[in-house]
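A short worksheet on the structure shown next.
Just follow the structure's listing: the first ligand is 1, and inside any ligand the first atom is 1.
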Amino acid sequence: MVLTERVALITGAGRGIGKAVALRLAAAGASVAAVDIEAEAAAGTAEEIRETFSATSSSFACDVSDYGQAASVVEEVIGKYGSLDILVNNAGITRDSLIMRMKPDDWDLVLRVNLTGAFNFTRAAARQMTKQRSGSIVNISSVVGLTGNAGQANYAASKAGLIGLTKSAAKEFAPRGVRVNAVAPGFIETEMTSRLADEVKEQWHRIIPLGRGGTAEDVASAVLFLAGPDSEYLTGQVIQVDGGMVM
Ligand code: NAP
């Protein structure tokens, strides 16, 4: 129970990796604020946490790309729990297509949700965390932010941008005791990847040395490490959770 008396806010917590992270942090003793654009999905995660772990958990409907909504969720969480110790910027979307066919709106939307969304919550949480002189922010990037990927220019740019945000925030907040790190998952079996054609999934699996796609729980394990005291001397780092795909 390394996170007892810690308050964690996870975006995109309604399903997939965000939900697995929320459950894992709650299992480690944290009170969890589950944030998602879908109110019902966020509420489902919070309810599962309360039932499974008898832990404190609430849900918040919020579009992370809207700064006003992000700021008011952070304010509500601090009002309710008295602190904010862990922020996991996980909400993310894809709108894949080749650059020459990519609609400018799809470029904008992916950048706004994946990158501006993380900036919004980081900015909103920073005042409390720096005042507390403690906190851990974990951004969910992607290996395609390191390698690029044909057909995913918007997504890869947003995920590379998250790495720049992570390192800049790590440098800004380190003197106040707040750490900022990123996790870069490879191919993880969630609804996001279930939409891909079977042959595309097979292509991904062929280039994974450990021979399987990852699970949301594999990512949650890395987030727990970065969120908690076992990583207290790590900041500005990117941990790949990809079965060895990119090395
Ligand atoms: P997912 O199953 O699609 O879940 C994403 C969650 O974020 C959904 O609950 C979604 O709500 C929510 N969301 C979307 N837009 C939002 C917004 N504007 N505001 C608040 N919440 C929003 O995706 P996942 O596979 O778990 O991925 C989670 C994160 O890991 C993403 O950042 C993704 O880029 C990253 N990642 C995933 C993989 C992978 O292989 N799966 C690999 C690398 C990185 P809705 O239900 O309404 O869409």
(request) Measure from NZ or CZ of Arg95 to the centre of the six-membered ring of Tyr155 and say whether it is under 6.0 Å with the direction within 45° of the ring axis. (result) no
(message) Does this structure show an ion pair linking Arg212 with Asp218, if we count only N-O contacts that are shorter than 4.0 Å?
(response) yes
(request) Check Val113 against ligand 1 and report side chain, backbone, both or neither, counting heavy atoms closer than 4.0 Å. (result) side chain
(message) Taking only non-hydrogen atoms of Ala41, do any sit less than 4.0 angstrom from ligand 1?
(response) no
(message) What protein heavy atom lies closest to atom 38 (C) of ligand 1? Include the residue and the distance to one decimal.
(response) Gly186 O, 4.0 Å
(request) Please determine if Thr193 has a nitrogen or oxygen closer than 3.5 Å to a nitrogen or oxygen of ligand 1. (result) no
(message) As a test of understanding, state which of Leu196, Ile207, Val143, Asp242 forms a side chain to side chain contact (heavy atoms under 4.5 Å, CB included) with Phe187.
(response) Leu196
(request) Please identify which atoms of ligand 1 are closer than 4.0 Å to at least one heavy atom of Gly16. (result) 26 (O)
(request) Indicate yes or no: at least one non-hydrogen side-chain atom of Ile239 is less than 4.5 angstrom from one of Phe225. (result) yes
(message) Under 4.0 Å, heavy-atom basis, I'd like to know which part of Cys62 is in contact with ligand 1: side chain, backbone, both or neither.
(response) backbone
(request) May I ask whether Lys159 has any heavy atom positioned less than 4.0 angstrom from an atom of ligand 1? (result) yes
(request) Note the single closest protein heavy atom to atom 32 (O) of ligand 1, along with its residue, its atom name and the distance in Å. (result) Asn90 O, 2.7 Å
(message) Between Lys80 and Val77, is there a side-chain heavy-atom distance shorter than 4.5 Å?
(response) no
(request) Count the heavy atoms belonging to other residues, nucleotides or ligands that lie under 6.0 Å from CE of Met100, then report whether that count exceeds 12. (result) no
(request) Taking the side chain as every heavy atom from C-beta outward, state whether Ile10 and Val32 have any pair of such atoms under 4.5 Å apart. (result) yes
(request) Flag the pair Lys19 / Glu48 as yes when at least one side-chain heavy-atom distance between them is below 4.5 Å, and no otherwise. (result) yes
(message) To check your reading of the model: name the closest protein heavy atom to atom 19 (N) of ligand 1, its residue, and the distance in Å.
(response) Val64 N, 3.0 Å
(request) First locate atom CG of Asn139, then atom OG1 of Thr166, and finally report the distance between them rounded to the nearest 0.5 Å. (result) 4.0 Å
(request) Considering heavy atoms of the protein only, find what lies nearest to atom 44 (C) of ligand 1 and give residue, atom and distance to 0.1 Å. (result) Ser141 O, 3.2 Å
(request) Distance to 0.1 Å, residue and atom name: give those for the protein heavy atom nearest to atom 36 (N) of ligand 1. (result) Tyr155 OH, 3.5 Å
(request) Decide, yes or no, whether a salt bridge links Arg15 with Glu191 under the criterion of side-chain N to carboxylate O below 4.0 Å. (result) yes
(message) Heavy-atom distances under 4.0 Å decide this one: backbone, side chain, both or neither, for Ile188 against ligand 1?
(response) both
(message) What protein heavy atom lies closest to atom 3 (O) of ligand 1? Include the residue and the distance to one decimal.
(response) Arg15 NH2, 2.8 Å
(request) Among all protein heavy atoms, pick the one closest to atom 5 (C) of ligand 1 and tell me residue, atom and distance. (result) Gly92 O, 4.0 Å
(request) For Leu162 and Ser141, work out which heavy atoms get closest and say how close. (result) CD1-CA, 4.0 Å
(request) Under 4.0 Å from a heavy atom of Ser142: give me the atoms of ligand 1 that qualify, with their elements. (result) 43 (C), 44 (C)
(message) As an exercise, identify every atom of ligand 1 less than 4.0 angstrom from a heavy atom of Gly12.
(response) 6 (C), 7 (O), 12 (C)
(request) Could you tell me if any non-hydrogen atom of Ile140 lies under 4.0 Å from any atom of ligand 1? (result) yes
(message) Side chain, backbone, both or neither: which applies to Ile93 and ligand 1 if a contact is any heavy-atom pair less than 4.0 Å apart?
(response) side chain
(message) Suppose I only count heavy atoms of Asp63 and a 4.0 Å limit; which atoms of ligand 1 are within that range?
(response) 17 (C), 18 (N), 19 (N)
(message) For the 3.5 Å polar cut-off, considering only N or O atoms, please tell me whether Ile37 and ligand 1 meet it.
(response) yes
(request) Note the single closest protein heavy atom to atom 8 (C) of ligand 1, along with its residue, its atom name and the distance in Å. (result) Asp36 OD2, 3.7 Å
(request) Please tell me if the side chains of Glu47 and Arg50 come closer than 4.5 Å, counting only heavy atoms from C-beta onward. (result) yes
(request) Could you check if a side-chain atom of Asp85 sits within less than 4.5 angstrom of a side-chain atom of Met129, using non-hydrogen atoms only? (result) no
